[in-house]
There are 2 protein chains.
Amino acid sequence: MIAIAHLSTRDQTRDRILAAAREVIGRKGKRGATTREIAEVAGVNEATLFRHFGHKDGLLSAMAQHYCGVVELKDSIGRLSGDLRDDLVAIGTLLMVRLESLRDLICWSLVEEDFQDRQPIGGQAWRSPDAIMSVVIEYMQRRVAAGDLQGDAEDLSRFFMGMIFAHVLGRKKFAATASFSEPEVALRFLVSVFLNGVANK
Amino acid sequence: MIAIAHLSTRDQTRDRILAAAREVIGRKGKRGATTREIAEVAGVNEATLFRHFGHKDGLLSAMAQHYCGVVELKDSIGRLSGDLRDDLVAIGTLLMVRLESLRDLICWSLVEEDFQDRQPIGGQAWRSPDAIMSVVIEYMQRRVAAGDLQGDAEDLSRFFMGMIFAHVLGRKKFAATASFSEPEVALRFLVSVFLNGVANK
DNA sequence: GATGAATGCAAGTACTTGCTTGCGTCATGC
DNA sequence: GCATGACGCAAGCAAGTACTTGCATTCATC
């Protein structure tokens with residue numbers, strides 16, 4: 001299905017521009033990213049950028065579509081072990097990887113409403129986490145129904161997702177001081193707190 | 001010490017400009033907020049704004065200083081009950097109120113590095129949470145030492161703060177669907193998970 | 001009633017930024 | 001060998017934005 005090999009030169013420059021847009025927008029946001037800088041990073045003339053995408057907005061949504069597509073996770077759910085802790089670690093890992101790779105775009109989507117007319121890339125950036133979220137909710141509901149978990153499934157899901165996102169944020173914010181930067185270690189800790197709490201009985 | 005009553009007209013307009021800046025920057029960020037819009041929101045001529053603060057940067061740091069000052073919390077810690085759960089709820093409430101009131105500015109500080117030369121308002125916005133954080137760490141250390149909690153005090157603190165911040169974010173993001181929007185209810189839930197976990201034994 | 005400080009108003013400067021255009025160059029494919 | 005499509009380059013336009021300036025107005029204080 002995917003043919004990376006024989007890209008036309010036109011598609012190559014298109015991809016370079018998209019990658020540059022992704023990078024610059026991650027740093028400066030939609031508004032702060034100038035077409036000049038994107039073109040420069042892509043090693044391409046600014047005119048070329050407009051010849052490819054028409055407007056800046058066209059580039060923005062093209063890049064959102066390219067990088068924030070909904071990830072397929074049906075298969076990942078298929079191979080859940082059944083053990084509560086292991087399942088949560090597996091789901092959490094999926095979540096964490098996704099949130100980490102989209103972190104900057106998601107952060108921007110928290111503040112930049114679509115400052116222009118067309119569709120917001122924030123929505124795109126969130127769609128993927130949202131899709132995962134619905135899977136998480138479904139899973140939590142099953143576990144609550146089975147009596148393995150207590151509480152409201154949606155609250156639990158939001159909490160679970162939120163603590164992972166907070167951890168991803170924290171790794172950027174407190175990069176220097178973060179003691180558990182290995183993802184697996186951190187995830188096991190988060191799941192532990194989620195399941196056991198941290199109080200000594 | 002504080003004399004709100006008899007403000008000179010000059011101080012009044014200054015405060016109106018600061019409030020407008022706070023509002024507009026919360027919506028558009030430092031870069032997106034134009035001096036025109038701030039002046040308009042303040043009901044003040046743009047020239048007046050510059051006569052007061054010199055540059056846009058001057059206004060930015062003045063507003064950060066005005067609205068993101070470090071809150072005094074010594075007294076709040078003083079009246080902790082000693083009961084672990086109650087203490088965490090109390091500290092969490094303090095955190096939550098603070099994070100909620102600064103939420104938009106904090107979100108902007110997550111993405112907008114100082115796009116200009118002077119001191120970043122992000123640092124200002126974080127200073128207050130940071131100050132609270134150090135108190136939380138200190139508290140957690142005491143509790144770990146006393147055997148009430150298990151784990152690394154800093155990890156626990158980051159986690160505790162992170163889950164509250166995630167909840168504050170979630171309340172904005174999932175405002176429509178959030179089931180526990182009452183702060184106290186949510187906080188008790190968060191502290192419960194923190195202390196007990198959510199697994200049925 | 002005069003003075004001076006604070007502000008409004010309007011015009012303007014210098015720079016950024018999205019976007020266009022016309023032209024020259026180069027490679028690929030018929 | 002030549003046509004076509006993709007690109008670079010340079011110049012430029014129009015709108016927005018930070019910031020300035022000179023002048024008129026208001027208003028409190030002496």
Side-chain angles (χ1 to χ4, degrees), chain A residues 3 5-21 23-25 27-64 108 112-121, chain B residues 3 5-21 23-25 27-64 108 112-121:
Chain A
H6 207 54
L7 284 180
S8 71
T9 66
R10 179 156 224 273
D11 287 346
Q12 282 179 353
T13 60
R14 186 186 146 94
D15 283 358
R16 290 223 312 277
I17 295 173
L18 286 176
E23 196 268 330
V24 176
I25 291 172
R27 276 188 292 113
K28 311 273 190 87
K30 290 176 287 177
R31 175 156 196 157
T34 71
T35 53
R36 282 212 228 290
E37 182 173 1
I38 294 175
E40 193 182 350
V41 169
V44 151
N45 193 276
E46 197 183 353
T48 301
L49 185 153
F50 284 100
R51 281 192 271 251
H52 272 260
F53 299 97
H55 342 270
K56 184 183 178 182
D57 279 338
L59 171 58
L60 293 186
S61 43
M63 109 66 168
W108 278 107
E112 271 190 337
E113 65 260 49
D114 21 3
F115 76 107
Q116 283 178 349
D117 31 357
R118 333 249 167 168
Q119 62 272 47
I121 77 170
Chain B
H6 205 55
L7 284 180
S8 71
T9 68
R10 179 154 222 273
D11 288 345
Q12 282 179 352
T13 60
R14 184 187 148 95
D15 284 358
R16 289 223 313 278
I17 295 174
L18 286 177
E23 196 268 330
V24 176
I25 291 173
R27 276 188 293 113
K28 310 274 191 85
K30 290 177 287 178
R31 173 154 196 157
T34 71
T35 53
R36 276 209 238 295
E37 183 172 0
I38 294 175
E40 193 181 349
V41 170
V44 151
N45 194 277
E46 198 182 351
T48 301
L49 186 153
F50 284 102
R51 282 194 269 252
H52 271 261
F53 299 98
H55 340 274
K56 184 182 178 183
D57 279 338
L59 172 57
L60 293 186
S61 44
M63 107 73 167
W108 278 106
E112 270 190 336
E113 65 258 50
D114 22 2
F115 75 106
Q116 283 179 348
D117 32 355
R118 333 250 167 167
Q119 63 272 47
I121 77 170

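All chains are named by letter (A, B, ...) in the order of the sequence lines, taking the proteins before the strands, and each is independently numbered beginning at 1.
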Taking only side-chain nitrogens and oxygens of [X], does any of them come within less than 4.0 Å of OP1 or OP2 of [N]?
X	N	result
Arg31(B)	dT17(C)	yes
His52(A)	dA6(D)	no
Thr13(A)	dC7(D)	yes
Thr35(B)	dA18(D)	yes
Arg10(B)	dC27(D)	no

Separation of [X] atom [atom1] from [N] atom [atom2], in whole Å?
X	N	atom1	atom2	result
Lys56(A)	dG16(D)	NZ	P	15 Å
Phe53(B)	dT7(C)	CZ	P	10 Å
His55(B)	dT20(D)	NE2	C1'	13 Å
Gln12(B)	dA5(C)	CD	C1'	15 Å
Leu59(B)	dT17(D)	CG	C1'	15 Å
Lys30(A)	dG18(C)	NZ	P	14 Å
Glu37(A)	dG18(C)	CD	P	10 Å
Asp11(B)	dT7(C)	CG	P	9 Å

Is any side-chain heavy atom of Leu59(B) less than 4.5 Å from a side-chain heavy atom of Leu18(B)?
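Leu59(B) vs Leu18(B): side chains touch.
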What are the two closest heavy atoms between [X] and [Y], and how far apart are they?
X	Y	value
Val44(A)	Leu49(A)	CG1-N, 4.3 Å
Asn45(A)	Ala39(A)	C-CB, 4.1 Å
Ala62(A)	Phe53(A)	CB-CE2, 3.7 Å

Are Glu23(B) and Arg27(B) close enough for a salt bridge, meaning some N to O gap below 4.0 Å?
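Between Arg27(B) and Glu23(B) there is a salt bridge, with a charged N closer than 4.0 Å to a carboxylate O.
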So, Glu112(B) side chain and Lys30(B) main chain: donor-acceptor pair closer than 3.5 Å or not?
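Yes: the side chain of Glu112(B) pairs with the backbone of Lys30(B).
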Within the distance-only criterion (no hydrogens, no angle test), does the side chain of Lys56(B) pair as donor or acceptor with the backbone N or O of Ala33(B) below 3.5 angstrom?
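Checking the backbone N and O of Ala33(B) against the side chain of Lys56(B), a donor-acceptor pair under 3.5 Å is found.
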With nearest nucleotide decided by heavy atoms, which residue, Gly54(A) or Arg36(A), maps closer to the 5′ end of DNA chain C?
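Closest to the 5' end, via its nearest nucleotide, is Arg36(A).
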Would you jot down, in residue-number order, the residues of residues 43-51 of chain A having a non-hydrogen atom under 4.0 Å from DNA chain D?
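The answer is Gly43(A), Val44(A), Asn45(A), Ala47(A), Thr48(A), Arg51(A).
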So Ala39(B), base contact, sugar-phosphate only, or nothing? Heavy-atom distance under 4.0 Å.
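Nothing, no heavy atom under 4.0 Å.
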